[in-house]
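Encoded as structure tokens, the structure appears first; notes follow it.
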2 protein chains.
Amino acid sequence: MTTIREIAAACNVSTATVSNILNGKAKASKETIELVRKTAQRLNYTPNYIAKNLKLKTSNTIGVIAEDMTVFNSPDIIDGITEYCEEHKYQILLTNLRLFQKFGDFYYTKNNLGQLINYEINELRSRQARAIIYVAPHVRDIKTVSSGLNLPIVMAYCTSPDPGVPSVLADDEDGFYRITKSVLKKGFRHPGLIAGKPGSYHTAERLKGFRRALLEFHFPFSEKFVYYGEWNRRTGCEGAAALMGKSVDSILCMSDIIAGGVYDWCHDQNITPGKDIPVTGFDNRELSAYLYPPLTTVNLPLKQIGRKSCEVADHMIADGENHRLEKQYLKIKCKVVNRTSL
Amino acid sequence: MTTIREIAAACNVSTATVSNILNGKAKASKETIELVRKTAQRLNYTPNYIAKNLKLKTSNTIGVIAEDMTVFNSPDIIDGITEYCEEHKYQILLTNLRLFQKFGDFYYTKNNLGQLINYEINELRSRQARAIIYVAPHVRDIKTVSSGLNLPIVMAYCTSPDPGVPSVLADDEDGFYRITKSVLKKGFRHPGLIAGKPGSYHTAERLKGFRRALLEFHFPFSEKFVYYGEWNRRTGCEGAAALMGKSVDSILCMSDIIAGGVYDWCHDQNITPGKDIPVTGFDNRELSAYLYPPLTTVNLPLKQIGRKSCEVADHMIADGENHRLEKQYLKIKCKVVNRTSL
DNA sequence: TTGTAAGCGTTATCAT
DNA sequence: ATGATAACGCTTACAA
């Protein structure tokens with residue numbers, strides 16, 4: 001690798017001059033500028049960022065900690081982050097915790113997670129990351145992440161109990177309100193709801209949206225018509241069985257996967273989803289377009305979440321100590337994707 | 001951030017001693033070792049890797065260039081890479097080219113791609129990446145990547161025309177051979193094949209596997225029963241229409257997405273896939289389990305591809321100049337996933 | 001057993 | 001306009 005010293009030698013100037021010229025601080029004559037530029041090109045020079053970073057005690061690196069990048073929402077979030085980074089000349093140092101791969105569904109109950117996260121943050125810091133974006137597959141409080149790290153950190157698709165740490169989220173409440181409204185507008189008055197895990201943020205928010213829509217239409221809400229379960233296919237199957245026994249006229253699911261389970265039950269019972277019973281999902285995963293009939297669902301603004309997270313991180317970097325958070329939670333709206341299951 | 005100098009000061013020893021102790025080259029008395037360790041801990045010391053790397057002119061960073069990490073196979077490949085990296089203490093510097101996001105289906109015809117790749121490789125090199133893993137969504141020759149870079153590089157799910165650059169691939173030929181055999185074993189003698197794009201590596205290899213199975217069963221092969229198209233849903237739809245007109249007794253698709261199109265056509269015609277006409281896919285994407293009936297398909301060993309790529313890169317790093325490639329192409333076997341569409 | 005000092009490639013200060 | 005030099009935090013001969 002060519003160094004500025006070699007360029008300096010080749011041009012018969014000092015390294016200081018080379019450095020100045022190559023960094024555009026052109027306190028040099030036209031001729032030397034020309035000469036240095038040419039030789040740098042000729043010798044195929046690329047700056048050694050390691051040296052540069054050491055000297056400047058900073059870098060253009062953003063650390064991304066993904067709890068598990070194989071979970072469906074993570075790649076798109078990271079895509080949004082990379083888009084912003086590309087435009088703003090940041091590099092990404094990726095840490096993939098592989099939590100889901102390692103521990104399956106219950107990874108977030110691991111109690112040494114905090115230790116692990118702290119370790120990785122430190123690791124990233126010692127590599128001069130300017131900021132950290134923490135990407136999770138489900139929204140929940142990550143207790144260990146706080147603003148006391150002296151390093152900008154933003155939570156994508158998750159939260160921190162520390163009000164100084166910003167979060168970028170999907171507006172689950174509004175998203176579910178919208179899809180519920182779609183259902184009610186079509187004249188269905190007795191919707192059943194298959195929810196996810198009871199304690200979950202998503203379950204709570206989406207339920208709120210469901211109730212808000214019901215209220216708006218002056219329809220009563222009853223817990224009788226909501227079935228709680230896990231975020232999986234089987235829950236959809238069981239939920240459909242339970243709810244259909246209570247003569248609901250439509251089924252709203254809190255996830256596409258759950259809706260997949262409802263379809264399973266329908267096939268089993270020789271009932272046609274969409275025709276005999278309208279079904280809706282949430283998340284707009286790829287599979288939702290391949291169910292038959294294609295599932296009406298709600299799109300998650302994952303890429304925007306990633307982009308926005310990175311933008312916030314960038315602002316925090318720029319403002320340094322002076323940064324004041326306007327809002328701890330930034331919620332991005334979701335849109336209904338109309339297909340034929342409703 | 002605490003530095004070794006501060007530790008040295010606090011302990012009344014030299015930085016050399018601190019460095020030695022902290023790196024386990026313990027040429028020191030038990031007491032100083034103890035003291036230094038304790039103080040390092042107390043001051044919450046983490047080494048500055050930037051400085052370390054500059055001094056050592058090396059790092060434990062592996063650069064990953066993903067053509068587009070939102071394409072379904074990339075996250076799992078990267079997951080395999082991170083698994084290996086985690087075990088072997090490598091860090092990942094991720095470059096997401098976002099080619100598919102930017103240019104859609106025809107990104108690989110971009111003719112300045114070579115320039116871009118070279119730029120990114122250089123970028124990674126100047127950040128002291130020890131090796132580069134290039135991750136693509138479709139197998140094809142990436143012309144610009146060569147072994148003359150003086151930096152180990154391995155191609156994951158793609159190839160380089162340079163025989164000095166190793167590739168890790170799925171064994172498409174064998175995978176398609178296996179699924180074809182599954183079909184033939186069930187007694188179907190007139191399989192139709194819906195292929196992908198004619199020029200593609202995947203199309204060619206999978207076709208070979210198809211023919212090999214046919215040959216083994218002494219069934220004739222005829223181009224009449226293969227329908228070529230794109231790697232999309234519509235092709236499945238059109239292919240099914242074309243093939244069913246030629247009275248095939250089963251349909252093999254070169255991708256799950258194509259199979260999804262076949263299901264579309266079946267629904268349209270009131271034909272039940274699996275029952276009236278067996279259908280198989282390839283790739284084992286999530287959606288394949290949600291089609292009805294669930295699609296029999298072939299699993300792509302993506303994680304292993306990532307892992308193996310990283311392992312090869314690691315060996316190349318370790319061997320340096322002495323590295324001799326045994327094989328340019330490493331092909332990992334695929335397994336049939338039996339469901340009920342066959 | 002411990003310390004001194006040079007050097008990795010760069011930038012920045014201060015002379016010239 | 002250009003150059004000499006110190007410094008960023010670390011490792012490693014080599015000296016003590």
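Every chain is numbered from 1 and lettered A, B, ... according to where its sequence line falls, protein lines coming before strand lines. Please read these numbers as outputs of a predicted model, since none were measured by experiment.
OP1 or OP2 of dG9(D) has not a single side-chain nitrogen or oxygen of T3(B) nearer than 4.0 Å. Residue S29(B) places none of its side-chain N or O atoms closer than 4.0 Å to OP1 or OP2 of dT1(C). In this model, the phosphate group of dT12(D) is approached by a side-chain N or O of K25(B) to a distance below 4.0 Å at OP1 or OP2. Residue S14(B) places no side-chain N or O under 4.0 Å from the OP1 or OP2 atom of dT2(C). Checking the phosphate oxygens (OP1, OP2) of dA1(D), no side-chain nitrogen or oxygen of T32(A) falls inside 4.0 Å.
Between Y49(B) and E123(A), some side-chain heavy-atom pair lies under the 4.5 Å cut-off.
Within the nucleic acid shown, N53(B) has no heavy atom closer than 4.0 Å to any nucleic acid atom. Across all strands, S19(A) comes closer than 4.0 Å to base atoms (heavy-atom distances). The residue L54(A) sits close to a base: some heavy atom pair falls under 4.0 Å. Residue-level contact check: N20(A) touches neither bases nor backbone, having no heavy atom under 4.0 Å from any strand. Residue contacts for Y45(B): at a heavy-atom cut-off of 4.0 Å it reaches the sugar-phosphate backbone alone, with no base atom in range. Among the atoms of the strands shown, only primed sugar atoms or phosphate atoms (P, OP1, OP2) are found under 4.0 Å from some heavy atom of A28(B).
A salt bridge links E86(A) to K102(B): at least one charged side-chain nitrogen sits closer than 4.0 Å to a carboxylate oxygen.
Ranking dG3(C), dT11(D), dT10(C) by closeness to the N48(A) side chain, first place goes to dT10(C).
In terms of heavy-atom proximity, K57(B) sits nearest to Q128(B) at C-NE2, 3.4 Å. Closest heavy-atom contact between H138(A) and C158(A): O-CB, 4.2 Å.
Annotation: of the two residues near DNA chain D, V13(A) and L56(B), the 5′-most nearest-nucleotide partner is V13(A). The residue among K57(B) and A16(B) whose nearest nucleotide of DNA chain C lies closer to the 5′ end is A16(B).
For the residue pair N118(B) / T144(B), no side-chain donor-acceptor distance below 3.5 Å is found, with atom types taken as modelled.
Interface remark: the K55(B) side chain does form a donor-acceptor pair with the dG7(C) base, using a distance-only criterion of under 3.5 Å.
Separating the CG atom of N12(B) from the P atom of dT4(C) is a distance of 11 Å, rounded to the nearest angstrom.
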